[in-house]
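In what follows, a single structure is set out as structure tokens and then discussed.
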Protein chains: 2
Amino acid sequence: MPLTMKEKILIAAEKRVRSAGFSEMSFRDLANDVGIKSASVHYHFPTKPDLGEALVARYAEQFKSELDKIDRNDLHTALESFVALYSNALVLNKSICLCAVMGAEAIGLPENVNQRTKAFFEMNKTWLETLFTRHGVKDASDMASLIVAALEGGMIVASSSNDRSMFEQVAQTAIRSIAAA
Amino acid sequence: MPLTMKEKILIAAEKRVRSAGFSEMSFRDLANDVGIKSASVHYHFPTKPDLGEALVARYAEQFKSELDKIDRNDLHTALESFVALYSNALVLNKSICLCAVMGAEAIGLPENVNQRTKAFFEMNKTWLETLFTRHGVKDASDMASLIVAALEGGMIVASSSNDRSMFEQVAQTAIRSIAAA
DNA sequence: TTTTGCCTACCTAGTGATAGATAGACATCA
DNA sequence: TGATGTCTATCTATCACTAGGTAGGCAAAA
């Protein structure tokens, strides 16, 4: 089955949001991307908040399914895989994690979108906390929060500096700090 | 001496950017805030990138002067003061660090603005690295990068969750991880 | 007298959103 | 079978509004 128009729109929207921000993405651009008119985009997503909510929900869902694939038997390997997921989300000069963008824009965003973003962060923290608890890492909850924050922040710093290595430095240091704990 | 119009505009702009993002801030809003017309704002800052650049430069300068006031003789106290500076920048439901916003929006922002943002992060990292080196913390450079990323990321997570305690959790865990190193 | 700082008035190019129409698919009923 | 009705997905056209930016004028200060 080929992609539905709704899916095509979401794909185009994710690309635009991640590379220019939610407020910079317009229905007209999306319409152009997928080859319909802007009014028709409103048919699929009545309002912009509706689109935003669907977008983050879809992103979180896909991310979750990637997380579920990671083998959690070895702490270090699992952590490296986790970081790799974030690393893949950081394509220099092109895009960063959707939720890093949404998080930074949060204050000016509709509440329903923010709740989805929050859920994304929570999901990541929970996954890490479970991993840490399982491998006897101390302060599992605190460390999980630290790692998520560091990775999201690392992306932002790297993005504004246009220097991917800044993210890698943060990521590796974060992993090491877990090993030390 | 009272505030010049230029300063008044910068103050209004900072408020708006930190609470809604750079792209959401308009010359009309600023003009309204300070009681002049939007055309007159263009007199002081010809283009929006010009304003953005001045804004980040001013923010970094003020932040720097706060950093300089911190007593660096005791590692823990200095770190707490450092974190407090970030904490002050996070006023829930109102604003986060200017450079966290700018960093997240980086991809869609003019290059001159990004360079200023980069400089802000560099300044913070350098300050921390100096502190760490002085107190014999291992991997001073890596740890400095980690702390800055964690604090910026922590702000974003806390902001989208509208839960200040998330930032505090990240900040305290970050400090503890330094003590452990 | 020139510069400074602001004004009015305007432009072009967008924005999200809505109304109303239409073509085609499909199902139900006479 | 053929007619009727309804749903889906799209269209055109337009709304009211906001964006950044510009031209030209005017008054006061240097």
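The chains referred to below are lettered A, B, ... by the order of the sequence lines, with proteins before strands, and numbering in each begins at 1. Source: prediction; values computed, not measured.
Applying the ring pair (Phe, Tyr, Trp, His ring centres under 6.0 Å) test to pairs two or more places apart or on separate chains, those with a residue in residues 122-162 of chain A are Phe82(A)-Trp127(A).
Contact check, Lys48(B) against dG20(D): a side-chain N or O comes under 4.0 Å of OP1 or OP2. In terms of phosphate contacts, His44(B) brings a side-chain nitrogen or oxygen within less than 4.0 Å of OP1 or OP2 of dC6(C). Regarding contacts with the backbone of dC11(D), a side-chain N or O of Ser40(A) is found under 4.0 angstrom from either OP1 or OP2. The side chain of Tyr43(B) contributes no N or O atom lying less than 4.0 Å from OP1 or OP2 of dC6(C). Between dA9(D) and His42(A), no contact under 4.0 Å exists linking OP1 or OP2 to a side-chain N or O.
Of the candidates dC11(D), dG21(D), dA9(D), the closest approach to any side-chain atom of Ile36(A) belongs to dC11(D). Side chain of Phe27(B), nearest nucleotide from dT15(C), dG20(D), dT4(C): dG20(D). Listed nucleotides: dC6(C), dT12(D), dT15(C). Nearest to the side chain of Lys37(A): dT12(D).
Counting distance only, with no hydrogens placed and no angle test, the side-chain atoms of Arg28(B) and the base atoms of dG20(D) include a donor-acceptor pair under 3.5 Å.
As rounded to whole Å, 11 Å separates atom P of dT8(D) from atom NZ of Lys6(A). One interatomic measurement links the two molecules: CG of Asn32(A) to P of dT15(C), which rounds to 10 Å at whole-angstrom precision. Taking atom NZ on Lys8(B) and atom P on dG5(C), their separation rounds to 13 Å, with Å as the unit. What separates CG of Leu30(B) from P of dG21(D) is a distance of 12 Å, to the nearest Å.
Here Asp33(B) does not pair with Lys15(B) in a salt bridge; the nearest charged N to carboxylate O distance is not below 4.0 Å. Salt bridge status for Lys118(B) with Asp163(A): absent, with no side-chain N to carboxylate O gap under 4.0 Å. Using a cut-off of 4.0 Å between Lys/Arg side-chain N and Asp/Glu carboxylate O, Lys69(A) and Glu66(A) are scored as salt-bridged.
With the nearest nucleotide of DNA chain C identified for both Gly35(B) and Asp29(A), Gly35(B) has the one nearer the 5' end. Closest-nucleotide positions on DNA chain D for Ala39(B) and Glu24(B) were compared, and the one nearer the 5' end corresponds to Glu24(B).
Side-chain atoms of Glu7(A) come within 3.5 Å of backbone atoms of Thr4(A) as a donor-acceptor pair (strictly under, hydrogens ignored).
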